[in-house]
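Working notes, beginning with the structure itself.
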Amino acid sequence: MASPLEGIKVIDMTEVQSGPSCTQMLAWFGAEVIKIERPGGGDPTRHELLDMPGLDGLYYLQLNSNKRSMGLNVKTAQGKEILTKLLKDADVFVENLHPGAAAELGFSWDEVHKINPRIVYGSITGFDENSPYANVKCYEPIAQCAGGAASTTGWWTGEHALPTQSGAALGDSNTGMHLLIGLLAALLQRDKTGQGQWVRQSMQASVLNLCRVKLRDQQILEHTGRLTNYPQYPNDRFGDSVPRSGNIEGGGVLGWCYKCKGWETDSNAYVYIVIQNEPKSFALFCQGIGKPEWVTDPKFNTAEARDKVKEEIYAEIEKFTIDKDKKDVVATLSKYGVPCGPVLSMKEIENDASLRQNGTIVEVPQIERGSYLTVGMPMKFSDFTPQIKGAPLLGQDTDPILKSLGYSDEEIVQLRDAQVVA
Ligand SMILES: CC(C)(COP(=O)(O)OP(=O)(O)OC[C@H]1O[C@@H](n2cnc3c(N)ncnc32)[C@H](O)[C@@H]1OP(=O)(O)O)[C@@H](O)C(=O)NCCC(=O)NCCS
């Protein structure tokens, strides 16, 4: 079976994480992705957070596999000419340069659309065009702060009651995945209309899309003055916006994270348990944690009642979990149909055999280094298995790409000497 995007050509002027995560996925789907990099250093992530001297960093490798790399100085006249030639028969162009930079280089949406009306053009920015921050350069934490994640994440009281960002790349890779969806939709539409379009994805909007439920909560707070399930309910005062919510489940059911055996020395010896509202599920949960009397006790046997004494419930559940291994807790409670899961450290995830078996974590062969670990294709298809290969060295494919555009060996040497290509 051919790969879903076989025959699709992508010109990739993205750097760091947001854009490269998108174009890497296009490459995994089988598109030919040509990464255009500044001669000299290329993508800054090649040189950041290095673990092996002289080799491209893991940050770069994890975001650029299956691509081709061309060192091309697009600030030179000849560089612009080469990029224009590449765009003529490309299907997708993606950039995440700082606001205005693509236009300054002469490759705005309007210009690229003139070069090739069929091309789908993708841009990542920090903020949408009418935002007061439209011209601000943006990195991950900035997007999490402006997209509603930081104000609603973390502790609501005590010295650590600060806006807190998630460890997940909600601003970066999440934005790349959002853009990916937009590009695939635009490609499908182009097949019907013959016309490409400009897909713009801001990091703020991508984060906010994942904070949709917090906007729900904001309106509930405005309508009722309180938010059940939140740690502040029922005894503390609510302010006028959604507070930080600690470890609550957030979807109308009680959920919390509990200490398990070894918590004193292992910061991840914890388990998360959700108490479903439906009476049959609640009865099974009570059996599972050895509290069958809660089923008939009006203090505990409705969701509303439980919410008012949730601190007491959390303490009782922790008496059940604290002397047990987190995986044993899950094994026991899952027999009663209780939704629960262990907190897994990165070390545990790295060594998890099932994640490897499912291709969610893959070991990728890499030129010079040997191999590296990365997160593989998160979606699983019935009739397509991505072949994840290594990431290219800077300019590894410059010569064959130039030759495919008709440049002779002699011309390529001249372009290299003039530092147009690398
Ligand atoms: C990530 C970001 C903050 C980095 O900003 P930056 O350090 O100015 O780096 P950029 O890559 O945008 O641009 C640097 C320069 O390289 C130039 N450049 C990039 N590729 C080039 C190439 N192949 N040839 C010649 N010049 C190139 C750009 O035109 C720009 O030139 P200028 O400063 O004279 O305008 C910024 O690009 C940004 O805000 N992007 C949008 C949001 C985003 O994706 N953030 C990253 C999240 S991981």
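For ligands, and for the atoms within them, numbers begin at 1 and follow the listed sequence. Numbers for residues simply follow the sequence, beginning at 1.
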Legend entry - contact_flag M13 ligand 1 heavy-atom lt 4.0 Å: yes
I'd like to know if [X] and [Y] make a salt bridge, using a cut-off of under 4.0 Å between side-chain N and carboxylate O.
{"X": "D91", "Y": "R190", "result": "yes"}
{"X": "D56", "Y": "R46", "result": "yes"}
{"X": "K67", "Y": "E37", "result": "no"}

Just jot down the ligand 1 atoms closer than 4.0 angstrom to any heavy atom of [X], in number order.
{"X": "I124", "value": "41 (C), 44 (O)"}
{"X": "R38", "value": "11 (O), 14 (C), 15 (C), 16 (O), 18 (N), 19 (C), 20 (N), 21 (C), 22 (C), 23 (N), 24 (N), 25 (C), 26 (N), 27 (C)"}
{"X": "D172", "value": "47 (C), 48 (S)"}
{"X": "L72", "value": "22 (C), 23 (N), 24 (N)"}
{"X": "N73", "value": "24 (N), 25 (C)"}

Legend entry - Closest to atom 7 (O) of ligand 1 among K137, E104, H98 (heavy-atom distance): K137
Legend entry - Option of least heavy-atom distance to atom 24 (N) of ligand 1 (set: V74, V16, I36, T14): V74
Inset, instruction - Looking only at protein heavy atoms, identify the closest one to atom 43 (C) of ligand 1 and say how far it is in Å. - result: M203 SD, 3.6 Å
Inset, instruction - Please write down residue, atom name and distance for the protein heavy atom closest to atom 39 (O) of ligand 1. - result: C138 N, 3.0 Å
Inset, instruction - Mind telling me whether W198 and W109 have parallel, tilted or perpendicular rings, with 30° and 60° as the class edges? - result: parallel
Legend entry - Test of proximity, Q17 against ligand 1: N or O pairs below 3.5 Å: no
